[in-house]
There are 2 protein chains.
Amino acid sequence: MTTTTTRTAPRKRAANGAGRRDSADEIGLDALVGHAGYAVRRFQIWIFQDFIKTLGQVDIRPTQYSVLTVIGANPGLSQMAVAKRLGIERARLVHLLDGLEQRKLVKRIKSKADRRSHALHLTVQGETALAKFKRLAAEHERHVEDKIGKANRERLLQILAGFT
Amino acid sequence: MTTTTTRTAPRKRAANGAGRRDSADEIGLDALVGHAGYAVRRFQIWIFQDFIKTLGQVDIRPTQYSVLTVIGANPGLSQMAVAKRLGIERARLVHLLDGLEQRKLVKRIKSKADRRSHALHLTVQGETALAKFKRLAAEHERHVEDKIGKANRERLLQILAGFT
DNA sequence: CGGCAATTGTTGTCGTCAACAACAATCTTC
DNA sequence: GAAGATTGTTGTTGACGACAACAATTGCCG
């Protein structure tokens, strides 16, 4: 609706003095409903929390998972390429890879073509670990379906396909 | 599509040695496509950046806007109530309100009913300022429409209505 | 060829944000 | 009235994005 003229009068909702509100669930959001950003933010928080919980047993967070997935699908990429593809800053990727390399999931191999850059590869245990992560991620994705419905999840992915 | 069984085999994409990839836009995301969380995260980042840019002239960030909106629609709420409604931690809300109070947009009034809590209200200039913020927020919302389409935005809001 | 700009990985800083923990003041409940 | 819960506050930690600076290396151009 977005009331084109932004209705300045705030509709004070019965001036009931100082906080006489019983169930805190009845607080009006007013203009906040109808803002895509708000709904998307709340949903994103929910999704990440479920992802973190579901992949908690293997201690993998969403960003780590995305890095492993991209390296697994494109072995030999440079850090720049991975960072650019995922929209992470290369400075941030350094720390992420430090952690993943310490856990023996990823290895940096000095490129001979360009001695500035590193070719990124999964280790052997990185491959098998990623397989397990993907199973858990699929489970998480099922939670999303349970939450918003299978059809809605498909529609949502379609709507946001441009942001891959 | 979402290959129901998570296809464990990573499909190495032609072992082309060390990073022989021309346009960095052609890096496969593999399993990442089909993950709702990834798409939502990217979209959320885009939305917030546009919101911050559009409301940049008045120096209001999304969280501040949500706080002002809720207080404006429900004057007299306690900090606990606002925090719970918006899913913010009350510790975080303290700093947010500090900033908004310094800018004379919000005032904390000691509640007489419960002397632990503060009743939150917009100041007079807070009311008029919020009106302007809402106009700018509506402009931002139009940017979202331009990005994903009017119909898709509606559908998205409907899908995520449960996360208000 | 030589020098200069650009790129790559790295380190560091700053600000935002969520998650906790602890605390004093105050309310609630028994 | 005492014990336990709630409210606002302060502080810490860790993930994350945005920058800036730097050394090593590459690429380009005169």
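For the numbers below, each heavy atom of this structure counts, side chains included, while hydrogens, waters and symmetry mates do not. Residue numbering restarts at 1 for every chain, and letters A, B, ... go by the order of the sequence lines.
The shortest distance between side-chain heavy atoms of A:Thr63 and A:Arg61 does not fall below 4.5 Å.
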Would you mind building the protein contact string for nucleotides 10-17 of chain D? One character per nucleotide, 5' to 3', B for base within reach (heavy atoms under 4.0 Å), S for sugar-phosphate only, - for untouched. BB---SSS
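For A:Phe163 and B:Phe43, the gap between ring centers is short of 6.0 Å.
Hydrophobic side-chain contacts under 4.5 Å tie B:Val94 to no other Ile, Leu, Val, Met, Phe, Trp or Tyr residue.
In this structure, CD1 in B:Ile60 is found 11.0 Å from NZ in B:Lys132, a value given to the nearest 0.5 Å.
Take B:Arg42 and apply the side-chain hydrogen bond (donor to acceptor under 3.5 Å, both in side chains) test, not counting sequence neighbours, and it matches B:Tyr38. Remark: A:Arg115 pairs with no residue by the side-chain hydrogen bond (donor to acceptor under 3.5 Å, both in side chains) rule, at least two apart or across chains. In this structure B:His140 satisfies the ring-ring contact (aromatic ring centres under 6.0 Å, His included) test together with B:Phe51, sequence neighbours excluded.
The shortest heavy-atom contact between A:Pro75 and A:His121 is CB-ND1, 3.7 Å.
Protein chain B contacts DNA chain C from C:dT16 to C:dC27, reading 5' to 3' and using non-hydrogen atoms of the protein with a distance under 4.0 Å.
Between the side chain of A:Arg115 and the base of D:dT25 there is no donor-acceptor pair of N/O atoms closer than 3.5 Å.
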